[in-house]
Amino acid sequence: MAGTGLAPLRDRPDVLLRVEELTVEFPVGRHEVVHAVSGISFDVAEGETLGIVGESGCGKSTVARSIIRLNEIRGGKVVFEGTDLVKLKGEALRRQRPNLQMIFQDPISSLNPRRKVRDVISEGVRVWGGGKGAWSQGRIDELMHAVGVDPRFGDRRPHQFSGGQCQRIGIARALAMDPKVLICDEPVSALDVSVQAQVLNLLEDMKKRYGLTLLFISHDLAVVKNVSDRIIVMYLGKACEIGSADELYEHPHHPYTRALLASIPEPAPTVDVSEGEISGELPSPINPPKGCRFNTRCPHADGICLEVEPQMEAVGEDHFIACHHPVAVSISV
């Protein structure tokens, strides 16, 4: 499959979720559209944590919301346990949704301010009834205790909790549906650093306790590396590099991946701090650059980058890159 957008997809029996050539566009005028996601492909194995990283506006959250069908999909497939969710409508789609739950970026605004947190957590289970496990007071208390929120405070409303506590409540709400896939959309970006560590540890604990498969989205490559098995680096609606967390950190080939690694507080030993100083602003997704979408900011761009879109090619075992001029890697000791 090298040389195509499907190159990163693996032929493994344990693949739980597969996204193929996902394309999402939003109309913004009579003749203009935002090219939010343009033909991205990846898969997630059962029990794996897949990280998606990139700067604001690259399409990370759009991918997440499209997987659970909160956005209209222009093209491609979202295959969960052999079923293409893009083709489902009405009741058929509704019955799949409990299997894929989401933790939203803003922990406070994602909770209904007029409802008690116990009711927020239990709402999905009460709607589904026996279909996803019978609702009980004990079940909700168990979930609240598991995420570190005292069940005695279940009658309080979201505004009476801190941001970190609200995020824990959001995690409990998602877990109440016994999902197989938990999508975490920037779950710690709105939290203090000390609270971020607590929530990340909580997610890891919940993954082990409930056998979850995670899709973890963030703009912070340092955070993504610490929680992910594999990582997708996105730029302007495209995937530019995909690989295991360790491989991507130790052998980053794409100039944009290297720039991200160079900009974190403790840069990877394979990049120079100066590589993080990419010039220019992110181009408009309404009119993305021809050829490689990174060509307006890439120090290695030349004529072919301006005309020909690079395709995903393997550069190692389960390591793929879309770049005409991948950077040679040498580890500094």
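The basis for the numbers below is simple: all heavy atoms, side chains too, and nothing from hydrogens, waters or symmetry mates.
S218 pairs by the side chain to side chain donor-acceptor pair (under 3.5 Å) definition with nothing, not counting sequence neighbours. The side chain to side chain donor-acceptor pair (under 3.5 Å) test applied to E46 returns no partner, not counting sequence neighbours. Partners of T49 by side chain to side chain donor-acceptor pair (under 3.5 Å), not counting sequence neighbours, listed by chain and number: K207. Every residue meeting the side-chain contact (heavy atoms from CB on, under 4.5 Å) condition with A259, not counting sequence neighbours, appears here in chain and number order: I278. Evaluation of the side chain to side chain donor-acceptor pair (under 3.5 Å) rule for Q160 yields no partner, not counting sequence neighbours. The side-chain contact (heavy atoms from CB on, under 4.5 Å) search around T62 returns V24, F26, A36, V37, S66, N71, not counting sequence neighbours. Every residue two or more places apart in sequence or in another chain that forms a side-chain contact (heavy atoms from CB on, under 4.5 Å) with E91 is listed here: R94, R95. Under the side-chain contact (heavy atoms from CB on, under 4.5 Å) criterion, C58 pairs with K60, M234, sequence neighbours left out.
Geometrically, R297 does not engage F294 in a cation-pi contact, judged by NZ or CZ lying under 6.0 Å from the ring centre and within 45° of the ring axis.
Distance alone, capped at 3.5 Å, places no donor-acceptor pair between the E21 side chain and the I40 backbone. With D106 contributing its side chain and I108 its backbone, the two residues share a donor-acceptor pair below 3.5 Å. S228 contributes no side-chain N or O that, together with a main-chain N or O of K225, makes up a donor-acceptor pair within less than 3.5 Å. A donor-acceptor contact shorter than 3.5 Å is absent between the side chain of R65 and the backbone of L70. No donor-acceptor distance shorter than 3.5 angstrom exists from the side chain of E309 to the backbone of C305, with no hydrogens or angles considered. Side-chain N or O atoms of N295 include one that pairs as donor or acceptor with a backbone N or O of C292 at under 3.5 Å. In this structure a side-chain-to-backbone donor-acceptor pair under 3.5 Å is present from H253 to V327. When atom types are taken as modelled, the side chain of R156 and the backbone of R118 share no donor-acceptor pair closer than 3.5 angstrom. With hydrogens and angles disregarded, no donor-acceptor distance shorter than 3.5 Å links the side chain of E123 to the backbone of V120. When atom types are taken as modelled, the side chain of E241 and the backbone of H254 share a donor-acceptor pair closer than 3.5 angstrom.
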Identify all side-chain donor-acceptor contacts of residues 195-204 below 3.5 Å with residues at least two apart in sequence or on another chain.
from : atom 1 : to   : atom 2 : distance (Å)
Q196 : NE2    : V188 : O      : 3.1
Q196 : NE2    : L191 : O      : 3.0
Q198 : OE1    : R168 : NH2    : 3.3
N201 : ND2    : A197 : O      : 3.2

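Applying the salt bridge (Lys or Arg N to Asp or Glu O under 4.0 Å) definition to pairs two or more places apart or across chains, those involving residues 271-280 are R258-E275. Residue pairs satisfying the ring-ring contact (aromatic ring centres under 6.0 Å, His included) criterion with at least one member in residues 194-220, sequence neighbours excluded, are absent. Under the salt bridge (Lys or Arg N to Asp or Glu O under 4.0 Å) criterion, the residue pairs touching residues 76-89 are E81-K180, with sequence neighbours excluded.
Just one of V79, V181, N99 meets the side-chain contact (heavy atoms from CB on, under 4.5 Å) condition when paired with L16; it is V181. Each of I67, T213, D43 was compared with L17 under the side-chain contact (heavy atoms from CB on, under 4.5 Å) criterion, and only I67 meets it.
No more than 12 heavy atoms of other residues, nucleotides or ligands shown are found within 6.0 angstrom of CZ on R74. Environment of NE2 in H145: sparse, with no more than 12 heavy atoms of neighbouring residues, nucleotides or ligands closer than 6.0 Å.
You'll find the side chain of P283 stays beyond 4.5 Å of the side chain of R293, heavy atoms only.
Linking Ile, Leu, Val, Met, Phe, Trp and Tyr whenever their side-chain heavy atoms come within less than 4.5 Å puts I73 and F80 in one cluster.
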